[in-house]
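A short write-up of the structure that comes next.
One is the number of the first residue; the rest follow in order along the sequence. Order of appearance sets the numbers: ligands from 1, and atoms from 1 within every ligand.
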Amino acid sequence: MEIFKKMEEHDYEQLVFCQDKNSGLKAIICIHDTTLGPALGGTRMWNYESEEEAIEDAIRLGRGMTYKNAAAGLNLGGGKTVIIGDPLKDKNEEMFRAFGRFIQGLNGRYITAEDVGTTVADMDMIHEETDFVTGISPAFGSSGNPSPVTAYGAYIGMKAAAMEAYGDDSLEGKTVAVQGVGNVAYPLCEYLHKEGAKLIVTDINKEAVQRAVEAFGATAVEPNEIYSQDADIFAPCAMGAIINDDTIPQLKVKVVAGSANNQLKEERHGDELEARGIVYAPDFVINSGGVINVADELYGYNNERAMKRVETIYDSITRIFEIAKRDGIPSYIAAERMAEERIERVRNSRSQFLRSGHGHDILSRR
Ligand SMILES: NC(=O)C1=CN([C@@H]2O[C@H](COP(=O)(O)OP(=O)(O)OC[C@H]3O[C@@H](n4cnc5c(N)ncnc54)[C@H](O)[C@@H]3O)[C@@H](O)[C@H]2O)C=CC1
Ligand SMILES: CC(C)CC(=O)C(=O)O
């Protein structure tokens with residue numbers, strides 16, 4: 001892999017390879033763009049098949065965070081970490097503490113949080129070594145686990161997408177096919193069930209499926225059957241690249257709206273959804289609830305303020321559909337433009353030097 005060529009392609013600022021033999025830590029921190037502020041993005045722990053696969057994931061996810069944070073109106077850049085390893089077997093305290101020291105070494109250019117495979121307890125271990133971590137235990141004045149808030153944002157974003165597709169944002173009686181019933185999708189299913197939606201669920205973890213079947217009367221299907229269900233809405237809430245050449249022809253839904261990062265395998269798959277008349281709620285907007293919530297910690301966490309901001313996801317998604325229609329472009333391009341334009345505006349307005357520790361001081365006083 002030609003790493004510098006990769007970095008040039010989407011103008012990545014920095015890739016940091018972290019190795020600690022003692023704990024077995026192998027991590028890649030990707031800092032994509034810090035025009036708006038320090039890069040904030042979660043840490044994913046996953047059993048990657050190769051180092052190339054891990055690097056690819058880190059850079060795709062890091063760039064996604066630049067767009068997510070910009071579109072959410074946050075003064076934060078984009079970054080992400082991947083730790084190579086099995087989250088069920090390979091975790092230990094020394095690993096997260098070693099990782100915390102690497103983050104501290106970046107002196108605030110990167111702030112972390114949870115993602116797939118990491119938990120509040122892991123963030124607490126990182127916090128032993130650095131203040132540049134959010135989503136730690138509420139006892140420290142933090143916002144805690146971001147997943148339920150991501151779920152709430154995805155729920156209201158799904159309603160905005162339903163409004164676009166059906167002219168009514170009620171989800172009562174709608175059938176939603178949910179892929180992955182993990183930390184975000186379980187509370188999302190709870191909101192949907194409460195509103196009277198019918199649920200079809202799948203997961204590679206049978207216990208997770210069973211939980212949703214028992215709690216919400218969901219219908220369980222095999223992982224490879226989720227795309228072809230007779231449903232109104234497909235909610236991808238597991239891993240990325242699931243909107244691709246194989247899956248698009250199977251879709252019978254009118255809406256794709258879920259929490260997973262990097263849902264489109266390639267950008268052309270967003271064009272394909274558009275061509276088929278499927279309403280696509282851009283992933284980095286509909287799943288921004290978690291980062292909006294943890295980012296509030298930079299101001300001294302206030303739940304009410306954070307939730308008000310999360311609720312703006314409905315209007316952001318609606319606005320994206322309006323821009324897409326006005327300019328005759330697919331929704332994913334409209335969302336990217338919205339983010340890129342904000343970054344450009346801020347880049348152009350930063351002509352004077354100003355020493356600013358804004359946000360960092362609050363994290364250290366927490
Ligand atoms: N947790 C959060 O606050 C946020 C999460 N996201 C994204 O949302 C997605 C889900 O995140 P979490 O719920 O936190 O992760 P999680 O790890 O708790 O849940 C993911 C679930 O998907 C299942 N899964 C994995 N591969 C699958 C497959 N091929 N078919 C069916 N199920 C499969 C897993 O067994 C697991 O139960 C991820 O893409 C994550 O990056 C995005 C923004 C914030
Ligand atoms: C989990 C969030 C707090 C941040 C993040 O990494 C994301 O939104 O994907």
Side-chain angles (χ1 to χ4, degrees), residues 29-30 32 39-47 57-58 60-69 71-72 74 76 78-82 86-88 110-120 122-123 133-136 142-154 157 177-189 200-212 220-227 234-242 244 246-247 257-263 282-298 306 310 313:
I29 303 172
C30 164
H32 173 240
L40 194 157
T43 294
R44 174 172 294 194
M45 185 163 182
W46 192 253
N47 217 355
D57 212 25
R60 259 170 76 85
L61 290 164
R63 181 164 170 255
M65 289 309 301
T66 298
Y67 282 86
K68 189 180 305 194
N69 294 339
L74 302 172
L76 291 164
K80 198 94 170 189
T81 299
V82 303
D86 185 336
L88 298 178
Y110 171 68
I111 303 170
T112 201
E114 293 84 349
D115 190 51
V116 174
T118 58
T119 62
V120 173
D122 302 333
M123 296 305 124
V133 52
T134 56
I136 59 177
S142 165
S143 60
N145 179 4
S147 306
V149 187
T150 304
Y152 181 60
V178 182
Q179 180 180 48
V181 223
N183 291 324
V184 176
Y186 187 86
L188 172 63
C189 286
I200 302 173
V201 299
T202 194
D203 199 294
I204 49 173
N205 174 348
K206 298 284 170 237
E207 283 169 26
V209 171
Q210 200 45 38
R211 224 158 57 103
V221 297
E222 290 301 316
N224 62 355
E225 292 170 353
I226 196 72
Y227 306 103
F234 172 47
C237 298
M239 304 307 269
I242 35 61
N244 56 45
D246 292 335
T247 60
S259 77
N261 278 307
N262 297 335
Q263 293 173 24
D283 48 11
F284 63 80
V285 181
I286 191 170
N287 73 12
S288 60
V291 79
I292 292 172
N293 197 46
V294 300
D296 197 82
E297 293 184 30
L298 296 166
V310 171
I313 290 175

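Annotation: K80 places no N or O atom under 3.5 Å from an N or O atom of ligand 1; distance criterion only. Between N261 and ligand 1, at least one pair of N/O atoms sits closer than 3.5 Å. Not a single N or O atom of M239, backbone or side chain, sits closer than 3.5 Å to an N or O atom of ligand 1. Checking only distances, G42 does come within under 3.5 Å of ligand 2, N or O to N or O.
Atoms of ligand 2 lying under 4.0 Å from any heavy atom of G41, numbered from 1 in the order shown and given with element: 6 (O). Within ligand 2, counting atoms from 1 as listed, the ones closer than 4.0 Å to a heavy atom of A113 are 3 (C). Near N261, meaning under 4.0 Å from one of its heavy atoms, ligand 2 places the atoms 9 (O). Atoms of ligand 1 found under 4.0 Å from any heavy atom of K68 (numbered from 1 in listed order, with element): 43 (C). Ligand 1 places these atoms under 4.0 Å from at least one heavy atom of P146: 3 (O).
Residue contact annotation: C237 has a non-hydrogen atom under 4.0 Å from ligand 1. Ligand 2 does not have G135 within reach: every non-hydrogen atom of the residue lies 4.0 Å or more from it. Assignment of R44 to the shell around ligand 2 is not supported, since no heavy atom sits closer than 4.0 Å.
Between the choices E114, K80, K68, the shortest heavy-atom distance to atom 8 (O) of ligand 2 belongs to K68. The residue among D283, N224, V184, V201 with a heavy atom at the shortest distance from atom 12 (P) of ligand 1 is V184. Among I204, T119, V116, N262, the residue whose heavy atom lies closest to atom 26 (N) of ligand 1 is I204. Of the options N205, D115, D203, the smallest heavy-atom separation from atom 34 (C) of ligand 1 is shown by D203.
Atom OH in Y110 sits 12.0 Å away from atom CG in L76 (nearest 0.5 Å). Put simply, CZ on F284 and CZ on R63 are 9.0 Å apart, with the number rounded to the nearest 0.5 Å.
Taking a cutoff of 4.0 Å between a charged side-chain nitrogen and a carboxylate oxygen, E222 and K206 qualify as a salt bridge.
With sequence neighbours left out, S142 forms a side chain to side chain donor-acceptor pair (under 3.5 Å) with E297.
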